[in-house]
2 protein chains.
Amino acid sequence: MRVSTEKTKKNRQNDRRAEIIGIAKHLFVENGFAATSMSSVANAVGLTKASLYHHFPGKDDLFAACVTEGLSDELLALRKIAEDSETDPKTRMRAVLEALYETFIFSPAGRMSPLIAEVSRSFPTVARAFHDDYMAPQHEILVQLLDEGVASGRFADIERKVYLHMVFGPIVTLSLTREMFATFEDLDQIFPVETLRDGHIENMLKLIGSSQT
Amino acid sequence: MRVSTEKTKKNRQNDRRAEIIGIAKHLFVENGFAATSMSSVANAVGLTKASLYHHFPGKDDLFAACVTEGLSDELLALRKIAEDSETDPKTRMRAVLEALYETFIFSPAGRMSPLIAEVSRSFPTVARAFHDDYMAPQHEILVQLLDEGVASGRFADIERKVYLHMVFGPIVTLSLTREMFATFEDLDQIFPVETLRDGHIENMLKLIGSSQT
DNA sequence: GTCTATAAGTAGATAGAC
DNA sequence: GTCTATCTACTTATAGAC
């Protein structure tokens with residue numbers, strides 16, 4: 001009985017924590033680190049500032065939690081697509097690129113980059129964690145899929161880092177651009193997500209279309 | 001005589017203004033908008049805060065000046081490369097892409113994007129100015145060069161917006177990435193600028209290599 | 001765990017002397 | 001044009017009651 005009570009307590013605590021992280025993540029992404037005050041987070045959650053400080057000892061810690069937690073789900077989903085060995089590599093590659101667009105344009109995790117850039121000098125450890133726990137694994141998943149396709153002769157043997165550069169570059173920049181020009185009424189006309197995404201993906205597949213060894 | 005005195009005065013004023021903008025631009029790019037205080041700018045220039053406010057009525061105005069002024073030089077240089085009709089389009093395109101890497105990775109103007117993203121909601125007019133006076137003309141220069149190559153049958157008729165997406169995406173993201181991970185000791189190993197640049201440019205030229213009409 | 005109250009510091013911005 | 005001095009508002013963070 002005691003155990004179950006403790007479990008419930010811990011679950012409730014984690015619920016609160018997760019709730020705070022979810023809301024704070026949204027605010028950070030939307031307004032930036034410096035422009036997001038602990039008061040505003042507390043208000044949005046429906047707590048006082050002091051109560052918020054009960055859950056997170058400082059603004060840094062809250063931010064670090066927002067950056068590092070909840071990223072593994074997306075990695076898992078990406079890995080699942082990339083490693084489905086029933087499907088041929090080209091189809092999987094297309095699916096992976098589409099999933100990346102989904103993540104970077106529409107999920108908070110994918111819109112973290114400008115935030116990290118904003119605070120990287122103040123919290124180098126947060127930047128390290130974001131790279132090691134999120135970016136590097138994503139790169140690895142793509143490289144493995146690429147390796148597999150190259151080994152079976154279906155993909156051209158493109159330089160790996162250049163491929164990552166050309167895959168992630170447009171996606172991240174599109175996300176950043178939508179942030180920069182969020183107030184534009186004609187945003188979707190100037191930067192039409194679907195057109196850019198489809199064209200980009202087609203061209204990347206063309207590039208690795210096993211023209212050479 | 002009076003005229004020349006006034007001219008000298010105005011020149012000195014402009015010198016001060018330009019000096020402040022140069023230093024402030026650097027600080028904004030390096031530390032972000034919110035983390036750059038008017039005090040820190042004043043200190044860096046060697047003035048007091050009050051004197052700084054004599055030259056710029058508010059932080060917004062200083063920032064807007066940093067974003068909008070001094071961008072035209074780079075546009076001019078880019079246009080010069082793109083419109084040199086003596087050279088064939090492919091060589092010009094390569095030179096233009098190299099110039100873009102130079103600008104975005106190493107000049108403050110090219111590293112403005114995360115800044116704009118940080119403040120876009122607060123200063124939509126600044127974001128508009130950055131787009132209309134800097135990004136859109138850059139895009140136009142590239143599209144014109146592309147048009148010219150397509151018209152003469154030297155380039156494939158790639159979708160213009162997709163081409164811009166794939167050209168600027170990797171460049172901007174590389175700049176952002178170097179910002180994010182500025183504290184990494186192994187930054188140049190993880191993201192080797194020359195390799196990424198050369199590979200990217202070669203692949204873009206391959207893509208528009210007039211395979212189809 | 002959540003609250004009220006408040007400390008300690010810093011931001012942007014201004015008044016007025018020189 | 002530059003200074004000293006100051007104001008107001010807001011920030012992160014904490015103490016202690018309930």
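Chain identifiers are assigned alphabetically (A, B, ...) following the order of the sequence lines, protein sequences preceding nucleic acid strands; residue numbering begins at 1 within each chain.
In this structure A/Thr48 satisfies the side-chain hydrogen bond (donor to acceptor under 3.5 Å, both in side chains) test together with A/Ser51, sequence neighbours excluded. Taking B/Glu19 as the reference, B/Arg16, B/Ile23, B/Val45 meet the side-chain contact (heavy atoms from CB on, under 4.5 Å) condition, with sequence neighbours excluded. Evaluation of the side-chain hydrogen bond (donor to acceptor under 3.5 Å, both in side chains) rule for A/Ser122 yields no partner, not counting sequence neighbours.
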Per-pair distances, 0.1 Å, donor-acceptor, side chain in residues 125-133 of chain A, under 3.5 Å, sequence neighbours excluded:
{"from": "A/Arg128", "atom 1": "NH1", "to": "A/Asp132", "atom 2": "OD1", "distance (Å)": "3.4"}
{"from": "A/Arg128", "atom 1": "NH2", "to": "B/Asp186", "atom 2": "OD1", "distance (Å)": "3.1"}

Which pairs of donor and acceptor atoms, one on a side chain in residues 62-69 of chain B, lie under 3.5 Å apart (sequence neighbours left out)?
{"from": "B/Thr68", "atom 1": "OG1", "to": "B/Ala64", "atom 2": "O", "distance (Å)": "2.7"}
{"from": "B/Glu69", "atom 1": "OE2", "to": "B/Arg17", "atom 2": "NH2", "distance (Å)": "2.7"}

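For residues 139-148 of chain B, the salt bridge (charged side-chain N to carboxylate O under 4.0 Å, His left out) pairs, not counting sequence neighbours, are B/Arg92-B/Glu148, B/Asp147-B/Arg160. Every pair tested for salt bridge (charged side-chain N to carboxylate O under 4.0 Å, His left out) that includes a residue from residues 32-61 of chain B fails, sequence neighbours excluded, so the list is empty. Sorted by first and then second residue, the salt bridge (charged side-chain N to carboxylate O under 4.0 Å, His left out) pairs with a member in residues 103-127 of chain B read A/Glu30-B/Arg121, A/Glu179-B/Arg121, B/Glu30-B/Arg111, B/Arg111-B/Glu179; sequence neighbours excluded. A side-chain hydrogen bond (donor to acceptor under 3.5 Å, both in side chains) check over residues 98-107 of chain B, counting only residues at least two apart or in different chains, returns the pairs A/His165-B/Tyr101, B/Glu74-B/Ser107, B/Tyr101-B/His200.
Across the helix from C/dG1-D/dC18 to C/dC18-D/dG1, the helix axis at one end is tilted relative to the axis at the other end by 0° (nearest 10 degrees, each axis from five pairs).
Near DNA chain C, meaning a heavy atom under 4.0 Å away, there are no residues from residues 58-67 of chain A. Near DNA chain C, meaning a heavy atom under 4.0 Å from it, residues 28-50 of chain A has A/Leu47, A/Thr48, A/Ala50 in order of number.
Set against D/dT12, C/dT2, D/dT2, the side chain of A/Tyr53 has D/dT12 as its closest nucleotide.
For A/His55 and C/dT2, the shortest distance from a side-chain N or O to OP1 or OP2 is below 4.0 Å. At the phosphate of D/dC3, OP1 or OP2 sits under 4.0 Å from a side-chain N or O atom of B/Ser51.
The environment of A/His26 atom NE2 is sparse: at most 12 non-hydrogen atoms of other residues, nucleotides or ligands sit within 6.0 angstrom.
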